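Next up is a structure, given as structure tokens.
Just so it is clear, the values below take in all heavy atoms, side chains as well, and ignore hydrogens, waters and symmetry mates. The structure presented is a predicted model; accordingly, all values stated were derived computationally and were not measured.
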Amino acid sequence: MDDIDKLFLEYTSKYDFPECRFKVEHSFRVKDFAMSIAESLNFSEEDKRLVYKASLLHDIGRFEQFKRYHNFRDRDNEYHGDIGIKVLLNNDLIDKFSENSFERKTILKVCKYHGTMDELGDSKEDTIIKIVRDSDKIDILNSALKGEIVLHIENANVSDYAKETFNNHTLLNLKEMATPADRFVVWLCFTFDFNFKYTFKYLKDTKLLDKLIIKYINKTDNQSTKDVYKDMGRVINKYIEEHI
């Protein structure tokens with residue numbers, strides 16, 4: 001869909017920072033994974049085109065965020081989803097990417113909710129948000145495995161709150177971290193927010209989380225933290241098997 005790519009690249013070319021180039025590449029990878037999920041769900045060509053647009057645009061607010069704040073830390077400045085909505089509306093970009101009111105509404109909702117912990121339903125637009133959530137998280141994990149995103153967990157313990165959140169099979173909010181070691185648990189808890197069999201099969205086939213756990217076990221000398229990560233890995237593998 002060259003027309004969509006061209007519009008996206010024209011907009012992002014204004015942000016000439018290495019960090020923003022990474023976000024461009026991230027957006028295309030998220031789009032590719034999202035399209036694979038859409039294929040697995042037997043989406044129509046029309047719906048796949050909407051998934052293509054929404055997934056490519058999910059992080060459109062990141063570019064302006066970096067220009068303003070010189071970082072991507074939502075908790076320290078403005079949530080990038082809210083910035084994205086303003087960008088799409090203020091620059092009339094949404095009209096360039098959307099062909100009707102449903103597409104417009106869905107793209108804006110994807111920008112708003114792909115990075116939140118809000119509950120979603122089973123409507124088509126919510127399903128597309130879930131597709132983008134899965135795809136976004138998968139690319140974050142892949143980028144972490146490649147070393148493009150690095151956490152400094154030091155030799156800290158995993159907090160009791162992080163353990164409890166993991167055991168409850170819920171997401172751990174970045175704002176609720178108590179120790180540096182909790183930051184990796186945020187990623188491990190992604191497991192419980194995945195939505196589609198395609199995603200779970202991908203995790204099983206690639207052993208992505210297994211490899212990432214080994215990597216971060218080797219980043220700490222804290223035996224307690226090593227053991228916690230190993231235990232969480234066993235829970236994750238069981239959970240993945242149950243959802244394939």
Sequence neighbours excluded, every pair satisfying side-chain hydrogen bond (donor to acceptor under 3.5 Å, both in side chains) that has a member inside residues 206-216: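 side-chain hydrogen bond (donor to acceptor under 3.5 Å, both in side chains) check on residues 206-216 returns D210-N237.
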Look up atom CD in E125 and atom CG in L108, then write down how far apart they are to the nearest 0.5 Å.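 E125 CD to L108 CG: 10.5 Å, rounded to 0.5 Å.
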Within residues 166-194 or reaching into it, pairs that qualify as salt bridge (Lys or Arg N to Asp or Glu O under 4.0 Å) - sequence neighbours excluded: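 Sorted pair list: K137-D193.
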Can you tell me which residue pairs pass the salt bridge (Lys or Arg N to Asp or Glu O under 4.0 Å) test with a partner in residues 15-24, sequence neighbours excluded?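 As it turns out, there is no salt bridge (Lys or Arg N to Asp or Glu O under 4.0 Å) pair with a partner in residues 15-24 once direct neighbours are skipped.
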CD (E46) with more than 12 external heavy atoms under 6.0 Å: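 For E46, atom CD is not crowded (no more than 12 foreign heavy atoms under 6.0 Å).
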Cationic N near anionic O, under 4.0 Å, E99 to R49: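 A salt bridge links E99 with R49.
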Just how far is it from atom CG of L203 to atom CG of D134, taken to the nearest 0.5 Å?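 Here the interatomic distance stands at 8.5 Å.
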Roughly how far, to the nearest 0.5 Å, is OG1 of T220 from CG of N155?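 Here the interatomic distance stands at 4.0 Å.
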Salt bridge (charged side-chain N to carboxylate O under 4.0 Å, His left out) against D47, all qualifying residues, sequence neighbours excluded: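 Expected list: K124.
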Applying ring pair (Phe, Tyr, Trp, His ring centres under 6.0 Å), can you list everything that pairs with Y202, at least two apart in sequence or on another chain?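 Checked Y202 against ring pair (Phe, Tyr, Trp, His ring centres under 6.0 Å); matches are F33.
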Determine, step by step, whether L120 and R133 satisfy the side chain to side chain contact (heavy atoms under 4.5 Å, CB included) criterion, reporting the C-alpha distance in whole Å, the side-chain angles of both residues, the deciding distance to 0.1 Å, and the verdict. CA-CA 11 Å; L120 298 171; R133 281 186 178 181; 3.5 Å; yes
Check the orientation of W187 and F184. Use parallel for under 30°, tilted for 30 to 60°, and perpendicular for over 60°.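 Judged by the thresholds at 30° and 60°, the geometry between W187 and F184 is perpendicular.
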F28: ring pair (Phe, Tyr, Trp, His ring centres under 6.0 Å) partners, not counting sequence neighbours: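 Expected list: F8.
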